[in-house]
Amino acid sequence: MKQHEIAEQFAHMADLLEYRGDNPFRVRAYRRAAQTLEQLPGDLAAMAVEQKLRSIPGIGEDLAQKIQEYLVTGSLAALERLKAQVPPVVPELLNIPGIGPKTAKVLTDKLRLKTVEDLAAAARAHKLQKLPGFQAKKEENILKALALVQQGQERMDLWTAWCLGQELTTWLDQVPGVTRTSIAGSLRRMRETVGDLDVLAAAKQPARVIERFRTSPFAGRVLAAGGTKASVITPQGVQVDLRVVAPESFGAALQYFTGSKEHNVRLREQASRQGLKINEYGVFQVKTGKRIAGREEADIYKALGLPWMAPELREDSGELDAAAAGTLPKLVDMKDIRGDFHVHTNASDGRDTFEVMARAGKEQGYDYLALCEHSPSLRIANGLSVPRLRERLNAIKAFNARSKSYRLLAGAEVDILADGKMDYPDSVLAELDFVVGSIHSGFTQPEAQITKRLIAAMRNPYVTIIGHPTGRLLGQRPPYAMDVAAVLKEAKDTGTALEMNAAPQRLDLTDTMARQARQAGVMLAICTDSHSKEQLGYMTLGVGRARRAWLQSSDLLNCMTLKRLTTWINRKRQRAST
DNA sequence: GCCGTTTTCGGCCCGACTGTTTTCAGTCG
């Protein structure tokens with residue numbers, strides 16, 4: 001996973017070069033390379049060995065060499081040289097909204113800042129408004145931005161963003177004059193966390209909608225507001241950007257505000273090669289200025305000779321080439337999902353009862369639902385002893401006797417113990433329909449040991465899937481160390497699926513790892529890890545994340561009919577017994 | 001620094017809003 005380190009180095013390079021007023025396109029090249037490496041689905045070190053670095057888009061002669069240099073030496077001489085010339089506070093300054101390279105230059109040159117705290121002190125002492133190009137307003141804005149950075153640096157979890165997005169579009173739909181609305185930005189692309197929420201509306205008189213918005217309950221504080229766009233901070237501290245366009249431009253604006261930025265840059269470059277210009281109002285012929293598309297998002301792509309592509313794919317990670325070649329995947333969709341596998345009740349650490357959860361699964365329209373309580377060694381979660389597990393099996397039998405089209409699966413989330421053994425004996429596991437094997441202890445073990453545990457679990461014939469395979473908790477706990485390639489190979493060889501845990505604090509596997517798993521021929525399963533009936537709604541997030549991983553219904557256990565699923569599970573069990 | 005239907009040099013996406021400006025630079029997305 002060296003690519004993340006190198007991505008960080010390149011992003012740092014970009015910041016420092018930008019501060020120095022270097023060629024902006026050079027800066028962009030570093031930024032783009034950083035972004036590409038961040039989401040590279042393959043193994044960078046292996047690509048380096050195979051001399052394939054140059055095949056990564058945005059990596060040329062020079063950057064390939066820098067990657068090699070970092071892989072060998074663990075640092076970049078060019079970056080170290082730059083760091084020696086630029087005040088260390090600069091990257092942090094550039095992180096403050098409203099401060100770009102020019103402002104940072106003035107601040108560091110004139111004030112000799114060492115830390116961001118120095119900046120705050122200088123602003124409070126009104127030293128900023130004496131600087132060239134500064135006045136009271138700018139000083140005030142920097143102070144506000146500093147406060148914002150301190151309190152709300154962290155991004156929203158995806159579920160919070162999703163729910164707020166629904167609220168916003170529902171409200172907008174009722175504003176007079178609004179004909180269409182949509183979520184845009186990173187939420188529409190289903191990134192794992194969301195910074196600002198982007199919302200779009202179509203109306204003939206945009207200014208009126210903006211006026212309603214800036215006086216709405218969503219607008220705790222107005223950051224900026226013009227005739228067509230407004231940025232506010234909600235009372236909960238979330239920044240919402242609303243953009244209102246004419247109906248004939250709605251598709252173009254939706255395409256534009258969904259991003260990603262990198263995807264849009266590539267798309268516009270392609271457009272200009274075709275004598276076309278794209279902006280948020282439409283696609284135009286450069287020569288005549290004639291608008292040839294704008295009302296529908298699909299028309300924007302069509303004007304460039306491309307098929308519409310799902311927002312989740314728009315990360316400039318190969319989707320434009322795939323679209324041109326006609327090889328875009330047919331992505332999994334909510335309607336393909338036939339069941340959920342990793343669901344708790346109040347028998348262990350869930351909130352709702354067996355009956356409530358069982359019914360909630362049916363109300364989701366599922367064919368099946370695997371109830372999986374914790375195993376005994378997870379005392380804190382009230383893990384089920386074998387007798388309690390047997391009671392559960394009886395309850396499920398009784399339920400299924402009354403239910404035809406919808407079935408409960410007898411499952412368990414079984415701890416993979418520190419030595420790699422499962423927390424129930426095989427004879428007990430054999431009584432279950434579905435087993436989630438999860439690591440809940442020993443997170444800090446060395447890579448070799450964690451990998452060994454996971455491999456031992458996958459070799460157990462009764463383990464159907466590995467739960468939250470990397471163990472990370474967003475913003476709280478890093479993934480544990482493991483040999484990803486070895487785990488993927490074992491999953492493929494043993495016929496064990498890997499979970500895409502859809503709980504917003506987990507989202508584990510990540511999209512890039514899931515894409516890698518798919519490429520390795522590994523089966524995946526989207527699970528909500530629900531601890532209440534509302535959390536079954538996380539499936540929407542899980543499907544979005546799976547789409548970001550380019551997954552199709554054929555890659556997912558949840559899209560199988562119950563019959564095929566049973567066959568799939570039994571195949572592993574039978575293979576082990578022969 | 002990358003890249004090629006303007007192919008090995010000369011381009012590189014585009015517009016809104018703000019603040020300090022009197023015509024625009026800086027920043028953002």
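Numbered from 1 within each chain, the chains take letters A, B, ... in sequence-line order.
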J.: Does any N or O in the side chain of Arg314(A) come within less than 3.5 Å of the main-chain N or O of Met309(A), such that one atom is a donor and the other an acceptor?
T.: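 Answer holds: yes.
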J.: Would you please confirm or rule out a distance under 4.0 Å between OP1 or OP2 of dT27(B) and any side-chain N or O of Lys138(A)?
T.: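 False: Lys138(A) side-chain N/O out of range (4.0 Å or more) of dT27(B) OP1/OP2.
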J.: Taking the P atom in each of dC13(B) and dG4(B), what is the distance between them to the nearest angstrom?
T.: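 Going atom to atom, P in each nucleotide, I get 14 Å.
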J.: So, does Thr215(A) use its side chain to make a donor-acceptor pair with the main chain of Glu211(A) at under 3.5 Å?
T.: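 Yes, Thr215(A) side chain to Glu211(A) backbone: donor-acceptor pair under 3.5 Å.
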J.: When you get a sec, tell me which of dG26(B), dG1(B), dA16(B) is the closest nucleotide to the side chain of Arg26(A)?
T.: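 My answer, after comparing the listed nucleotides, is dG1(B).
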J.: Does Ile96(A) reach a base, just sugar-phosphate, or nothing at all? Heavy atoms under 4.0 Å.
T.: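 It contacts sugar-phosphate atoms only.
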J.: Nearest to the side chain of Arg268(A), heavy atoms from C-beta on, is which of dG26(B), dC14(B), dC2(B)?
T.: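 Comparing dG26(B), dC14(B), dC2(B) against the side chain of Arg268(A), the answer is dC14(B).
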J.: Using a heavy-atom cut-off of under 4.0 Å over every strand shown, decide if Pro24(A) touches base, sugar-phosphate, or nothing.
T.: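 If one applies the 4.0 Å heavy-atom cut-off, Pro24(A) turns out to touch nothing in the nucleic acid.
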J.: Round to a whole Å and report the spacing from CD1 of Ile99(A) to C1' of dT27(B).
T.: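 Distance, rounded to whole Å: 11 Å.
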J.: How many Å lie between NZ on Lys287(A) and C1' on dT6(B), as a whole number?
T.: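 Answer to the nearest Å: 13 Å.
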J.: Choose from dC2(B), dA16(B), dC13(B) the nucleotide whose nearest atom is closest to any side-chain atom of Tyr281(A).
T.: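 Of all the options, the side chain of Tyr281(A) is nearest to dA16(B).
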J.: Does any N or O donor sit under 3.5 Å from an N or O acceptor when you compare the side chain of Asn23(A) with the base of dG1(B)?
T.: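 When only heavy-atom distances are counted, Asn23(A) does reach the base of dG1(B) through a donor-acceptor pair under 3.5 Å.
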J.: Among dG29(B), dT18(B), dC12(B), which nucleotide has an atom closest to any side-chain atom of Asn141(A)?
T.: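 The closest nucleotide is dT18(B).
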J.: Measure CD1/Ile210(A) against C1'/dC17(B) and give the value in whole Å, please.
T.: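 Going from Ile210(A) (CD1) to dC17(B) (C1'), I get 12 Å.
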J.: Quick one: is dG26(B) close enough that its OP1 or OP2 comes under 4.0 Å of any side-chain N or O from Lys105(A)?
T.: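 Indeed not, no polar side-chain atom of Lys105(A) lies that close.
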J.: Gln135(A) side chain to Gln129(A) main-chain N or O, any donor-acceptor pair under 3.5 Å?
T.: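 Checking the backbone N and O of Gln129(A) against the side chain of Gln135(A), no donor-acceptor pair under 3.5 Å is found.
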J.: Kindly determine whether Asp198(A) and Arg243(A) satisfy salt bridge (charged side-chain N to carboxylate O under 4.0 Å, His left out), including the steps that lead there.
T.: CA-CA 8 Å; Asp198(A) 293 302; Arg243(A) 185 70 182 249; over 6 Å; no
J.: Should Thr103(A) be listed as having a side-chain N or O under 4.0 Å from OP1 or OP2 of dT27(B)?
T.: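 For Thr103(A), the contact criterion (side-chain N or O under 4.0 Å from OP1 or OP2 of dT27(B)) is met.
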J.: Rounding to an integer number of Å, can you tell me how far Phe284(A) CZ sits from dC13(B) P?
T.: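 Rounded to the whole Å, the gap is 18 Å.
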J.: Ignoring the backbone of Phe25(A), work out which of dG29(B), dA16(B), dC13(B) is nearest its side chain.
T.: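 For the Phe25(A) side chain, the nearest candidate turns out to be dC13(B).
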J.: Check the distance between dG1(B)'s P and Glu18(A)'s CD and give it to me in whole angstrom.
T.: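 Spelled out: CD on Glu18(A) to P on dG1(B) is 15 Å.
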J.: Closest to the Thr228(A) side chain: dC14(B), dC12(B), dC17(B)?
T.: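 When the side chain of Thr228(A) is considered, dC17(B) is the closest of dC14(B), dC12(B), dC17(B).
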J.: Would you say the side-chain atoms of Arg189(A) pair up with the backbone N or O of Leu313(A), donor to acceptor, closer than 3.5 Å?
T.: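 Pair absent, no side-chain N/O of Arg189(A) close to backbone of Leu313(A).
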J.: Given dG15(B), dC12(B), dG29(B), which nucleotide is nearest the side-chain atoms of Asp241(A)?
T.: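 Selected nucleotide: dG29(B).
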J.: Suppose you measure atom P in dG15(B) against the same atom in dC9(B); what distance do you get, rounded to whole Å?
T.: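 Taking atom P in both dG15(B) and dC9(B), they lie 31 Å apart.
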J.: Would you call Asp22(A)-Arg26(A) a salt bridge at under 4.0 Å N-O?
T.: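 Answer for the salt bridge query: yes.
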J.: What is the base-pairing partner of dG4(B), counting Watson-Crick and G-U wobble geometry with both distances under 3.5 Å?
T.: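 Here dG4(B) is engaged in a pair, and the nucleotide opposite it is dC9(B).
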J.: May I have the distance from Ile278(A) (atom CD1) to dC12(B) (atom P), rounded to whole angstrom?
T.: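 Distance, rounded to whole Å: 15 Å.
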J.: Just the rounded figure in Å: distance from C1' of dC28(B) to CG of Asn264(A).
T.: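 Taking CG of Asn264(A) and C1' of dC28(B), I get 14 Å after rounding.
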J.: Looking across every strand, which nucleic acid part, if any, lies under 4.0 Å from Gly133(A) by heavy atom: base, sugar-phosphate, or nothing?
T.: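 Sugar-phosphate: the residue Gly133(A), judged by heavy atoms under 4.0 Å, touches backbone atoms but no base.
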J.: Just to confirm, is there a sub-4.0 Å distance from OP1 or OP2 of dC2(B) to any side-chain nitrogen or oxygen of Arg54(A)?
T.: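 False: Arg54(A) side-chain N/O out of range (4.0 Å or more) of dC2(B) OP1/OP2.
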J.: Between dT21(B), dC17(B), dG1(B), spot the one nearest the side chain of Gln135(A), thanks.
T.: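 Nearest to the side-chain atoms of Gln135(A), counting from C-beta on, is dT21(B).
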J.: Give a yes/no answer on whether the side chain of Asn279(A) brings an N or O atom under 4.0 Å of OP1 or OP2 in dG15(B).
T.: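 Yes, Asn279(A) has a side-chain N/O under 4.0 Å of OP1/OP2 on dG15(B).
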J.: Counting heavy atoms from C-beta on, name the nucleotide in dG1(B), dA16(B), dG26(B) closest to the side chain of Lys102(A).
T.: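 Closest nucleotide among those given: dG26(B).
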J.: Side chains of Leu242(A) and Ile210(A): does their closest heavy-atom pair fall under 4.5 Å?
T.: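 Yes. Closest side-chain heavy atoms under 4.5 Å.
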J.: Checking contacts here: which listed nucleotide (dA16(B), dC13(B), dG29(B)) is nearest the side-chain heavy atoms of Glu280(A)?
T.: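 Of the candidates, dA16(B) comes closest.
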